[in-house]
Asker: 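Just passing along the structure, written as structure tokens.
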Number of protein chains: 4
Amino acid sequence: MSPPEWLEPNLRPIQKDGWRAYLFRLMFQHHKPDERRFDVVLLIAIVVSVLIAILDSVALLHVRYGTYFYAAEWVFTILFSIEYLIRLSIVRRPLRYALSFYGVIDLLAALPTYISVFVVGADHLLVIRVLRILRVFRILEMVEFSKEGSELMRALHSSRRKIGLFVLFVVLITVVFGAVMYLVEGPEHGFTSIPRGMYWAIVTMATVGFGDIVPVTPLGQVITSMIVLIGYGIIAVPTGIFGAQLIQSGMEKRASRRIDSTDSCARCGEREHLAEARYCHCCGERLTVEAAE
Amino acid sequence: MSPPEWLEPNLRPIQKDGWRAYLFRLMFQHHKPDERRFDVVLLIAIVVSVLIAILDSVALLHVRYGTYFYAAEWVFTILFSIEYLIRLSIVRRPLRYALSFYGVIDLLAALPTYISVFVVGADHLLVIRVLRILRVFRILEMVEFSKEGSELMRALHSSRRKIGLFVLFVVLITVVFGAVMYLVEGPEHGFTSIPRGMYWAIVTMATVGFGDIVPVTPLGQVITSMIVLIGYGIIAVPTGIFGAQLIQSGMEKRASRRIDSTDSCARCGEREHLAEARYCHCCGERLTVEAAE
Amino acid sequence: MSPPEWLEPNLRPIQKDGWRAYLFRLMFQHHKPDERRFDVVLLIAIVVSVLIAILDSVALLHVRYGTYFYAAEWVFTILFSIEYLIRLSIVRRPLRYALSFYGVIDLLAALPTYISVFVVGADHLLVIRVLRILRVFRILEMVEFSKEGSELMRALHSSRRKIGLFVLFVVLITVVFGAVMYLVEGPEHGFTSIPRGMYWAIVTMATVGFGDIVPVTPLGQVITSMIVLIGYGIIAVPTGIFGAQLIQSGMEKRASRRIDSTDSCARCGEREHLAEARYCHCCGERLTVEAAE
Amino acid sequence: MSPPEWLEPNLRPIQKDGWRAYLFRLMFQHHKPDERRFDVVLLIAIVVSVLIAILDSVALLHVRYGTYFYAAEWVFTILFSIEYLIRLSIVRRPLRYALSFYGVIDLLAALPTYISVFVVGADHLLVIRVLRILRVFRILEMVEFSKEGSELMRALHSSRRKIGLFVLFVVLITVVFGAVMYLVEGPEHGFTSIPRGMYWAIVTMATVGFGDIVPVTPLGQVITSMIVLIGYGIIAVPTGIFGAQLIQSGMEKRASRRIDSTDSCARCGEREHLAEARYCHCCGERLTVEAAE
């Protein structure tokens with residue numbers, strides 16, 4: 001399963017040689033040492049800028065170091081803006097990059113600061129920069145997390161329909177129980193509307209249970225017990241789906257590694273051989289090169 | 001596993017030709033483009049009518065748009081009533097349809113509005129219409145969700161006894177701990193009766209933990225820790241049961257693909273052979289290449 | 001795996017014939033129709049008596065129907081006492097029965113009422129009678145739940161050591177984090193002692209989260225996040241252990257049903273055959289009776 | 001998989017014979033009866049000393065028995081200090097022991113009492129002694145828990161990268177939703193800063209839901225529903241990963257039992273054959289009966 005177009009568009013440099021080609025290699029590829037070094041520097045810049053945005057939201061720190069944070073915010077924003085513009089200018093089809101997943105993320109990493117000039121508080125959205133860390137996955141992908149990551153992704157991808165069905169089922173239950181609890185408990189016990197009842201039903205079914213809204217009437221508590229049991233039962237479903245998928249893809253991989261199941265022995269017709277087999281394990285016949293392949 | 005009679009009764013049109021047969025095809029079947037188009041229109045009507053019922057429950061919106069919502073409610077109710085009557089009139093055995101799962105749902109989709117003329121608040125039950133969305137499953141069933149849905153259903157069906165045992169076990173624990181906590185904590189700490197203690201035990205065991213009733217005495221907290229650990233332990237059970245079932249049915253499917261179960265031995269007709277079999281395990285006849293394939 | 005001695009002691013009637021042997025058959029066995037009928041009557045008596053004990057704990061009902069409940073309590077208690085005495089008198093070794101699991105449960109079913117004469121409130125312990133419902137498992141065992149129940153039991157039994165290790169691990173974490181939170185948050189935020197901190201740690205790790213005690217200091221919240229993530233991570237452990245056990249025992253069962261792996265073909269030595277095989281699937285040789293067995 | 005160096009350093013006694021060698025055997029080995037007896041005494045001392053530390057934190061008990069607890073604390077501390085010094089003095093390379101996992105734990109078991117002379121409250125850290133119980137695993141390891149423990153460890157070890165990816169993913173979601181909720185709900189509803197929003201997001205996603213901070217605005221509640229559903233969905237991931245790992249390692253173990261990996265082909269020495277192989281798949285040599293066995 002190769003990643004979809006929007007996640008990894010087929011980008012090419014605007015020039016084959018020269019500094020633009022060099023920058024393209026540096027910014028968009030992750031194999032060679034210097035490309036890696038760029039990724040690491042970018043990663044550090046992202047983490048530091050996100051940390052600053054987080055710390056700035058703490059009232060105490062904002063009062064004391066607010067001006068420093070403000071300056072750092074702008075420095076990082078300008079850096080990321082320049083980076084974004086360079087990326088745009090060295091790619092052959094800039095729009096394809098701009099509309100890809102990472103293109104959008106790169107833009108969002110700079111935007112909030114500019115918006116905050118007009119809208120107060122918008123700079124807190126800077127933490128969205130944290131999504132740029134996902135770029136790191138592309139670095140890791142090359143090294144060691146490749147196998148694991150793609151395995152998890154494949155398992156999620158294969159079970160997406162089962163999970164979709166499950167989510168639809170959860171939504172139906174939520175609507176029905178949200179309305180029932182609205183009728184049974186009523187606004188005087190916190191269930192002020194069906195949407196609020198649905199919020200409560202989701203929070204309860206997922207076993208979060210904040211306790212901000214609770215059933216008070218005996219009937220409401222009986223219905224709650226039912227919802228809880230249903231939630232308890234169906235929490236098994238996504239776990240089972242995902243786990244089963246992981247195991248099956250694992251077994252298929254191993255099976256395909258060990259056993260050659262398409263070519264058969266010319267003499268006895270035996271079809272299952274170890275992948276590296278040169279002689280039939282059943283009759284001792286030399287396997288042909290095609291069969292061994 | 002074919003679906004049970006009450007879920008999918010064997011319905012036939014009252015006439016073989018004519019407009020009634022056409023309507024029957026339109027309303028009860030989901031294969032051809034025009035049948036699909038009817039389903040999609042119905043789906044949109046259901047979603048819109050449910051959304052209106054939900055929004056109407058929000059006090060603010062009710063005050064402002066209440067009359068529009070009221071009108072829309074009646075329009076949809078009359079539409080669904082007509083649809084229900086048509087369905088009844090074009091089926092050969094109307095009672096069989098009326099008593100089937102979808103027949104009951106279709107009736108319930110219209111009823112609350114009529115009841116609300118006599119009973120205040122009954123119209124909030126309109127959200128029960130959301131269950132009509134389940135009809136969509138029948139559309140989807142034909143296309144892509146077929147395999148996934150039936151796989152999940154089969155896994156649930158196969159493990160229904162294990163899950164039944166599990167629920168019985170949970171109920172027993174609930175009763176015992178509900179009574180123990182009633183005795184230990186008593187009414188002054190919110191455990192006003194055994195049923196209330198049972199409600200608390202379920203909410204706690206399922207790890208929801210609203211916090212509306214909490215143990216206050218040290219002994220009560222020790223017992224709570226025990227209940228929590230038990231709940232933590234047995235949450236594994238339904239997940240394990242369901243996941244195991246999913247995996248096993250997956251393996252069986254694969255196994256049945258590999259063990260050749262359609263081609264039979266030319267001499268004795270035996271049909272089940274190991275995938276690698278070259279001789280019939282039953283009569284010793286050499287299996288033909290076709291059978292071995 | 002046969003059940004342990006304390007759960008199913010090898011009981012025999014005191015007489016081989018006569019009414020005592022008949023009563024023994026009726027009360028201790030669950031195969032024949034009349035034995036079943038006795039079990040069903042007993043089951044109904046248990047459920048009704050437990051329901052009464054539960055309803056009696058509701059203040060409103062106690063005020064209104066208290067005397068009827070009181071009478072019913074004594075009727076059931078006397079009935080169960082007589083039953084217990086009969087059981088004792090018809091078994092060859094009464095002590096063996098009295099000390100077995102069901103013997104103790106049967107005694108506990110009657111005791112609380114007698115104790116309540118001296119100790120106020122003891123009659124609420126009557127709900128312990130609900131455990132007698134476990135006897136039903138023995139009835140069901142004969143019919144359909146046999147396979148499922150024993151499968152679950154075997155999976156639990158096989159993974160008891162893994163689960164033991166897991167519980168020990170959870171206890172260690174609980175002690176450490178309970179003490180740390182006691183130091184960090186202190187009595188002024190509800191962490192009045194290490195045992196209370198441990199109660200909080202268990203409730204938090206198991207994702208119950210009542211909210212009766214919550215971290216208030218920033219450091220406490222950071223530590224809480226860690227505990228929550230640990231709890232989130234290790235909730236996987238018992239589920240994984242149990243599910244894996246279920247699947248493996250399922251696979252072993254299927255494997256042992258399908259494939260004879262001890263006896264081999266006399267000619268080619270092939271060892272894996274379908275259980276019903278009469279001829280070697282590999283070379284066509286007639287399998288000897290011993291090999292086919 | 002042998003344990004890492006820091007967990008089980010290769011320790012040797014400073015003398016081959018004499019009382020130091022005897023003490024080394026007693027303190028560092030766990031096979032013979034007298035070595036076991038030492039472990040059991042140590043275990044009891046640990047449990048008792050931890051229990052005292054726990055009970056001392058209860059205000060009521062501290063007032064009454066504080067002086068006894070204080071005395072016991074010092075007795076155990078001195079005992080553990082002596083034990084630590086002896087361990088150091090009988091090992092050939094003391095630093096290697098001191099820096100190993102158990103060496104650090106052994107030191108921490110005594111330290112808090114000494115620190116409490118200068119820093120008030122430090123003695124509550126004595127519960128860290130509880131970690132010394134982990135030594136028991138080493139005893140158990142020899143007997144029955146060996147297989148189970150190492151199996152769980154291997155499964156955790158094999159899936160560490162998948163779990164690492166998962167944790168990174170959780171952290172990213174936490175940061176993003178923590179900031180979004182800080183903006184949406186704001187300080188007036190308890191979301192006083194982004195770190196606090198992150199604390200809330202973790203507590204919510206892991207389905208703990210204390211209820212100390214809850215969304216109040218409708219938009220906040222919609223976002224909360226999304227977080228809850230995401231948390232509900234991804235709780236499947238670690239469970240699936242771990243369970244799948246457990247099952248796969250179980251299957252590999254069984255497979256390796258069936259695929260003969262110790263006996264080798266007489267001609268070419270190839271060691272891995274399918275269980276049913278009669279001819280070497282590598283050189284075509286007939287496998288001897290011993291090899292086939």
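Below, read A as the first sequence line, B as the second, and so on, with proteins coming before strands; counting in each chain starts at 1.
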Asker: Given C:Val48 and C:Phe76, is the side-chain contact (heavy atoms from CB on, under 4.5 Å) satisfied, shown in steps?
Answerer: CA-CA 9 Å; C:Val48 171; C:Phe76 279 113; 3.6 Å; yes
Asker: Side chain from CB out, backbone as N, CA, C, O: work out which of these in B:Ile213 comes under 4.5 Å of a heavy atom of chain C, or both, or neither.
Answerer: backbone
Asker: Which region of B:Pro215, side chain (C-beta onward) or backbone (N, CA, C, O), has a non-hydrogen atom less than 4.5 Å from a non-hydrogen atom of chain C, or is it both or neither?
Answerer: both
Asker: Which bit of B:Tyr182 comes within less than 4.5 Å of chain C, counting heavy atoms only: side chain, backbone, both or neither?
Answerer: side chain
Asker: Who wins among B:Val203, B:Val222, B:Thr204, B:Ile194 for the most heavy-atom pairs under 4.5 Å with chain C?
Answerer: B:Ile194
Asker: For C:Tyr199 and C:Phe210, run side-chain contact (heavy atoms from CB on, under 4.5 Å): C-alpha distance rounded to whole Å, both residues' side-chain angles, the deciding distance at 0.1 Å, then the answer.
Answerer: CA-CA 11 Å; C:Tyr199 157 73; C:Phe210 284 125; 3.6 Å; yes
Asker: Shortest non-hydrogen contact from B:Thr207 to C:Ala206?
Answerer: CG2-O, 3.3 Å
Asker: If you tally heavy-atom pairs under 4.5 Å against chain C, which of B:Val175, B:Ile173, B:Val171 wins?
Answerer: B:Val175
Asker: For B:Val214 versus B:Glu185, what's the shortest heavy-atom pair and its separation?
Answerer: O-OE1, 4.4 Å
Asker: Carefully, step by step, assess B:Phe177 and B:Ile230 under the rule side-chain contact (heavy atoms from CB on, under 4.5 Å).
Answerer: CA-CA 11 Å; B:Phe177 277 108; B:Ile230 290 172; 3.9 Å; yes
Asker: Side chain, backbone, both or neither: which part of B:Thr192 has a non-hydrogen atom closer than 4.5 Å to chain C?
Answerer: backbone
Asker: Determine whether the side chains of C:Glu73 and C:Ser49 contain a donor N or O and an acceptor N or O closer than 3.5 Å.
Answerer: no
Asker: So which part of B:Val208 gets closer than 4.5 Å to some heavy atom of chain C, the side chain, the backbone, both or neither?
Answerer: backbone
